Amino acid sequence: MKKMKLILFMTLITVLVLQACSTASNQSSEGSKEGSKSVGGELVVLRASDATSLDPHFITDIPSANIIHGKIYETLVAFDRDRKIVPLLAKEWEQKDDVTWTFTLNEGIKFHDGADFNAEAVKATFDRILDPATGSPQRDKLSMINEAVVDDTYVVTLKLKEPYAPLLSILASQEGSMISPKAIAEAADELATHPVGTGPFVFEDWKSGQEITLNTNKDYWGTVPKVDKVTFKVVPEDSTRLAMIESGEAHIAEQVPVTEIDRIENSSTMNLFRAEGLAVEFIGFNVKDALLLDVKVRQAISYAVDREAIISGIYDNVGTLANSAMSPKIIGYSSETKPYDYDVVKAKELLKEAGVKEGTKVKLLTSDRKERINMAEVIQSQLKGIGLDVEIQVMEYGAFISEITKEQHQIFISGWGNATGDADYNQFNLFHTASMGPPGNHFYYSNPEVDKLIEQGRSESNQEARNEIYKKAMQIELDEAVYIPVRNYEHLAVYSNAVKGFWLDASNYTIIGGVEIVE
């Protein structure tokens, strides 16, 4: 029988990811002027786009999860700043065998609507997401759980269908958020716009397209935040967000254009936070599209894109050149996977073999982030060099997410933000047949061999064996030109001098539980 200390040790081996912050500018905003004092007040956080949902069982993007994860909702276990698994709503756990995990819960915790947090609440949460009738796009991420069994008021056992190596990491991600059983029973349909958790902040209001407001939970079971409320304001214009931070009108901006780094670092009122990320940016293909169905066409486009020129010219070398859809910080990453080299001659040969005529039109879809629009224009120019006429389609982020779930797009620029630090989160959600559409497989790619490898990787407990499984799967995906890996993320945020205690984690979550506004 494996006790908690052993589990913590094993988890450290299998889940530990390099610390998110590794340079001088990556330090949290701990410093403040001598004699400054906390003033409570409203923390204003700026973001480029609105959330798409506030229901953790239906959220499929990190910008939306960032509003609720660790703020409104909490999980049984959590990642600390070093990406180690630590207790949260569960105070301890025990793995009884390969498929049986028992969690002992903290007592006396209330949901924001007054419901008790206990084993029944845990069961209600898992029952909801696992019920096919719920229609959750997150269901398959937790489908290894067969059932949640109530052992006692504050003891719950998760029985798995098969061994699942990264269980604790998925339970620590936003998909593992514990939802009020009262809200599930009485107003489940309202959770998309009115979340109810146990966290340090309580949902107040959502003005669609404008702002989301959270109040501090004065009855929070843990350390009560030092600010009175948090408002997430939607400000699409990059320059406006920076101006609001610089003037003191707002405190934190989650998205920073790389072109503004020098301005921020030379400012007397703004500070830059940099964090190596778990995410990868890529150019994706809808492999079911009539033109892109031919692998030679996808390979030709892959050869025609100069990825290094994009990293240097568009991103000013912020982030690093990716060799797969998996960042080097992910457990299961391989440095040996090889994408296509830049080779225009080979690209033209493949298009000719595929019978694609010069001047053939193709659509390239992107969200309205400045860097991605710039990237789209570079790709447009590069593909013109092999005879393809690219039409760029730019959409607001929410509309972009909606569009790529409809299977009508062709080429698209996107990214995948790994929330667990484990390869399964990348591979299952991006490439497994079961994940087509909203869960994350916007390539609409299906390969029985890859599906089998991904499933093997989920259940294999030996990490070296898992690494080999994922390396094989990733190389098949690259060989079949499902996507073009571009950049391993470096996350950037800007904050004002009035902010103390803010940091970004490697998943690009804004960590504000310990934030103070000082004067």
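Only a predicted model underlies this, so the values are computations on that prediction, with no experimental measurement involved.
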Check: [X]/[Y] side-chain N/O donor and acceptor closer than 3.5 Å:
X    : Y    : answer
S136 : Q138 : no
T231 : E211 : no
E74  : W221 : yes
N66  : K71  : yes
N215 : E204 : yes
D151 : T157 : yes

Could you please spell out the steps behind the side-chain contact (heavy atoms from CB on, under 4.5 Å) verdict for M395 and L365? CA-CA 8 Å; M395 292 187 175; L365 178 66; 3.8 Å; yes

Decide yes or no on salt bridge (charged side-chain N to carboxylate O under 4.0 Å, His left out) for D505 and R83, but give the supporting numbers first. CA-CA 9 Å; D505 77 354; R83 299 295 295 180; 3.8 Å; yes

Can you name the closest pair of heavy atoms from [X] and [Y] and give their distance?
X    : Y    : result
I314 : V258 : O-CG2, 3.4 Å
A434 : P439 : O-CG, 4.5 Å
F273 : A275 : CE2-CB, 3.9 Å
S507 : L278 : OG-CD1, 3.5 Å
A172 : F79  : CB-CE1, 3.7 Å
V280 : F282 : O-CD2, 3.8 Å

For E42, look at atom CD and say whether over 12 heavy atoms of other residues, nucleotides or ligands are found less than 6.0 Å away. yes

Is the Lys NZ or Arg CZ of R458 less than 6.0 Å from the centre of F428's six-membered ring, within 45° of the axis? yes

Taking the six-membered ring of Y489 as reference, does the cationic atom of R487 (NZ for Lys, CZ for Arg) lie under 6.0 Å from its centre and within 45° of its axis? yes

Using the ring of each side chain (for Trp, its six-membered ring), is [X] parallel, tilted or perpendicular to [Y], with breaks at 30° and 60°?
X    : Y    : result
F431 : Y445 : perpendicular
F443 : Y483 : tilted
F400 : F412 : tilted

Trace of the side-chain contact (heavy atoms from CB on, under 4.5 Å) decision for L160 with L167: CA-CA 10 Å; L160 311 187; L167 178 67; 4.3 Å; yes

Apply side chain to side chain donor-acceptor pair (under 3.5 Å) to residues N488 and T320 and explain how you reach the verdict. CA-CA 5 Å; N488 299 311; T320 57; 3.0 Å; yes

Can you find a heavy atom in the side chain of [X] that is under 4.5 Å from one in the side chain of [Y]?
X    : Y    : result
R128 : L191 : yes
Q393 : E403 : no
N217 : T198 : no
L105 : K91  : no
N271 : I264 : no
K159 : V149 : yes
I252 : L46  : no
L364 : E391 : no

If you measure from the Lys or Arg side-chain nitrogens to the Asp or Glu carboxylate oxygens, is any gap between [X] and [Y] under 4.0 Å?
X    : Y    : result
D228 : K218 : yes
R241 : E254 : no
R263 : E260 : yes

Whether [X] side chain and [Y] backbone form a donor-acceptor pair below 3.5 Å:
X    : Y    : result
N266 : D262 : yes
W416 : Y425 : yes
D316 : V318 : no
D116 : N118 : no
E516 : V518 : no
N497 : S268 : yes
N441 : H432 : yes
D422 : P166 : no
Q174 : P56  : yes
T240 : P236 : no

Go through the steps to decide whether N106 and Y154 satisfy the test side chain to side chain donor-acceptor pair (under 3.5 Å), and finish with yes or no. CA-CA 7 Å; N106 282 299; Y154 295 102; over 6 Å; no

Spacing of [X] atom [atom1] and [Y] atom [atom2] [to the nearest 0.5 Å]:
X    : Y    : atom1 : atom2 : result
S367 : R369 : OG    : CZ    : 6.5 Å
I379 : I411 : CD1   : CD1   : 8.0 Å
Q255 : D238 : CD    : CG    : 7.0 Å
H69  : Y509 : NE2   : OH    : 5.0 Å
I512 : Y495 : CD1   : OH    : 15.5 Å
I401 : H442 : CD1   : NE2   : 6.0 Å

Verdict with supporting geometry, V196 and I72, side-chain contact (heavy atoms from CB on, under 4.5 Å): CA-CA 7 Å; V196 186; I72 297 172; over 6 Å; no

Decide side-chain contact (heavy atoms from CB on, under 4.5 Å) for S496 and M270; before the verdict, give the C-alpha distance in whole Å, the side-chain angles of both, and the deciding distance to 0.1 Å. CA-CA 5 Å; S496 75; M270 296 188 292; over 6 Å; no

If you apply the rule side chain to side chain donor-acceptor pair (under 3.5 Å), what do you find for E490 with Y315, and how did you get there? CA-CA 10 Å; E490 182 180 4; Y315 287 100; over 6 Å; no

Under the criterion side chain to side chain donor-acceptor pair (under 3.5 Å), I'd like the reasoning laid out for T52 against S64: C-alpha separation, chi angles, the key distance, then a yes or no. CA-CA 6 Å; T52 57; S64 295; 3.0 Å; yes

May I ask you to check whether F203 and H112 place their ring centres under 6.0 Å from each other? no

